[in-house]
Enquirer: 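Pasting in a structure now, in structure tokens, and then I'll have a few things to ask.
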2 protein chains.
Amino acid sequence: MTIHAPKTLPEGGKAQRVYLSLSNEISNGVYAAGTMLPGENRLAERFGVSRITIRRALDALAADQRIEKKTGAGSIVLKPHEDGTKIAANFATLMPQLVEMGQSTTARLLSFSYGPAPGGIATDLNLGKGQSVQTAIRVRYADGKPFSHLTTHVPEDIARHYDEADLATQPLFQLFERSGVSVQSAYQTVSATLAAPDVADALEVSVGAPLLSLRRIVRDINGRGIEHLSALYRPDLFRLEMNLSRVGAGDARHWEPVIGAPE
Amino acid sequence: MTIHAPKTLPEGGKAQRVYLSLSNEISNGVYAAGTMLPGENRLAERFGVSRITIRRALDALAADQRIEKKTGAGSIVLKPHEDGTKIAANFATLMPQLVEMGQSTTARLLSFSYGPAPGGIATDLNLGKGQSVQTAIRVRYADGKPFSHLTTHVPEDIARHYDEADLATQPLFQLFERSGVSVQSAYQTVSATLAAPDVADALEVSVGAPLLSLRRIVRDINGRGIEHLSALYRPDLFRLEMNLSRVGAGDARHWEPVIGAPE
DNA sequence: TAAATCTGTCATTTACATAAAACAGGTTTT
DNA sequence: AAAACCTGTTTTATGTAAATGACAGATTTA
């Protein structure tokens, strides 16, 4: 399932909306694989647009290998292409997995500087106002495709334990352990955003494409902020996943994340 | 903070995308409250659009009370209207929290039907082809604002333990426990999408707004699929969060989700 | 006070998605 | 074989978002 609309469709036009709707309905099985879609005229009427618009949406779906157009007959829904390339990170054990990922992925350092922490970040890290942090922006690639855009803020005194070269080759987290920083706790938030121009450019998606957004604050044993991460992921290449298990009995029965086990 | 674009902006046009991007960046603190936005010409260059387009986006932001335009000077970022209503769900213990939420939120049933399970869903739930499932689409509201759009699929024999009225008032998960189904494990995936017209309508956001997407498969003790949930959340009203703690020593040192404790 | 920078506004032009309608030529159905 | 239905293709028209450029007036900076 490619969420990202093909560039052939006018960005944000009716055709794209029809495309998104149909794409969704196919994913959700409203139109099952192997069955025929309604005719173009029928769809045009249903969506309240002209046949040409429907046509463009169908062409885009065909280009995505989601349907096959049969001249004179109609469009048949194809079986979804298995995205072997999708990178999955276990949300519960995210960081160790990133270490592993570090070995099969590439990172590019886009920006690197020291300076006073922006307001929100300083608050999150419990820093004094104007205290200096290292700000680094990196993009991670898998198979030559950029799948994540990472902005990290680290208090300067901690950041001085490693340099730019380290950042381009090793995950930030690994550098901490090596520096003897006693990492203790982390707080993560997940949300969604749209790609702004700079990020869109770095991640090779169009402006306004949906991105998975993860924010993480890591603290040391004293509760001091060590790292502030703001990560943006391409949903077509990356997803967070997690297994839960129902444990306990009676009133105490509740959910617990499964730690070691992937799907 | 309203992601919903004013009607004055062309649905899905460049101006709206700029509006959404800026709106997002303000929410994320890229432009902190009290500071000035870059000038219109600068923004035009940054987004690669004309100044008029920027202007329309800024007007929309001003109409939303997110910025204040000062003639001759620039636009100042306003303090966000405190929506104290942001709903946070702990990702690790999601379901129990949903139970609690059920008491302070309203649900509306948009669609309800029985029929053969769509292909992908049937596979996910390990169902025989064409086996009947109950499909329900619900929207949840908090303070009169819709924050989530839920599509659930449940095998018919299990679903028959409750009816439409139950669905509108109680979280699905609660209904299972009551029906004596032995819930065992769950698998969750998180990603991001754009709002398609139908969802946009239900969630009162504009088409193309970013949404957090969560997919969950719940199984019973025999590994049989019980529920397939496809949820879409408004990122401005809802977020997933999680606390992690670093435990163990030496090579065995790793992250573990903190269970009971919220922020 | 002068210069620089910004917003407010207008007029003109360009670009392009969408609509509407008609026809040719496949495919399926009866 | 004919009828019904479908896609493929083209032409013309239209509405409108967006770009361009220019200028006035407000505000800040030097």
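Labels below follow one simple rule: chain letters A, B, ... track the order of the sequence lines, proteins then strands, and each chain is numbered from 1. Treat the numbers as computed from the prediction; the structure is a model and nothing was measured.
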Enquirer: Between dA19(C), dC6(C), dG8(D), which nucleotide has the shortest distance from any of its atoms to the side chain of Arg42(B)?
Expert: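 The nucleotide sitting nearest to the side chain is dC6(C).
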Enquirer: Distance check needed: dT9(D) P versus Arg56(A) CZ, whole Å only.
Expert: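 Whole-Å distance recorded here is 15 Å.
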Enquirer: So that I can tick it off, tell me whether Glu241(A) and Arg239(A) are bridged by a salt bridge, with the cut-off set at under 4.0 angstrom between side-chain N and carboxylate O.
Expert: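 Yes, charged N to carboxylate O under 4.0 Å.
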Enquirer: To the nearest Å, give me how far apart CD1 (Ile76(B)) and P (dT28(D)) are.
Expert: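 Checked: the CD1 to P distance equals 11 Å.
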Enquirer: Any side-chain heavy atom of Asn126(A) sitting closer than 4.5 Å to one from Arg224(A)?
Expert: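 Heavy-atom side-chain distance check fails, nothing below 4.5 Å.
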Enquirer: side-chain hydrogen bond (donor to acceptor under 3.5 Å, both in side chains) with His228(A): which of Asp124(A), Thr151(A), Thr152(A), Thr135(A)?
Expert: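 So the option named by the test is Asp124(A).
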Enquirer: Could you check which of dT27(C), dT9(C), dA19(D) has an atom nearest any side-chain atom of Val49(B)?
Expert: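 From the listed options, dA19(D) comes nearest.
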Enquirer: Side chain of Ile52(A) only, heavy atoms from C-beta on: which candidate in dA19(D), dA20(C), dT7(D) is closest?
Expert: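 Selected nucleotide: dA20(C).
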Enquirer: Counting only side-chain nitrogens and oxygens, does Thr53(B) get under 4.0 Å of the OP1 or OP2 atom of dA19(D)?
Expert: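 For dA19(D), OP1/OP2 do have a side-chain N/O of Thr53(B) under 4.0 Å.
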Enquirer: Kindly say whether, by distance alone, the side chain of Arg51(B) makes a donor-acceptor pair under 3.5 Å with the base of dG21(D)?
Expert: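 In this structure, the two groups form no donor-acceptor pair.
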Enquirer: Quick check on DNA chain C: between Lys69(B) and Ser50(A), whose nearest nucleotide comes earlier from the 5' end?
Expert: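 In this pair, the answer is Lys69(B).
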Enquirer: Can you tell me how far C1' of dG8(C) sits from CD1 of Ile54(B), to the nearest Å?
Expert: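 Going from Ile54(B) (CD1) to dG8(C) (C1'), I get 16 Å.
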Enquirer: Regarding Asp64(A) and Arg66(A), does a basic nitrogen lie under 4.0 Å from an acidic carboxylate oxygen?
Expert: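 Salt bridge absent between Asp64(A) and Arg66(A).
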Enquirer: Given dG8(D), dT7(C), dA19(D), identify the nucleotide with an atom nearest to the side chain of Glu40(B).
Expert: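 In terms of side-chain proximity for Glu40(B), the closest of dG8(D), dT7(C), dA19(D) is dT7(C).
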Enquirer: Look at Lys70(A) and dT7(D) and indicate whether a side-chain polar atom (N or O) is within less than 4.0 Å of OP1 or OP2.
Expert: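 The answer is no; no side-chain N or O of Lys70(A) sits under 4.0 Å from OP1 or OP2.
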Enquirer: How long is the line joining CD1 of Ile67(B) and C1' of dT7(C), in whole Å?
Expert: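 After rounding, the reported distance stands at 12 Å.
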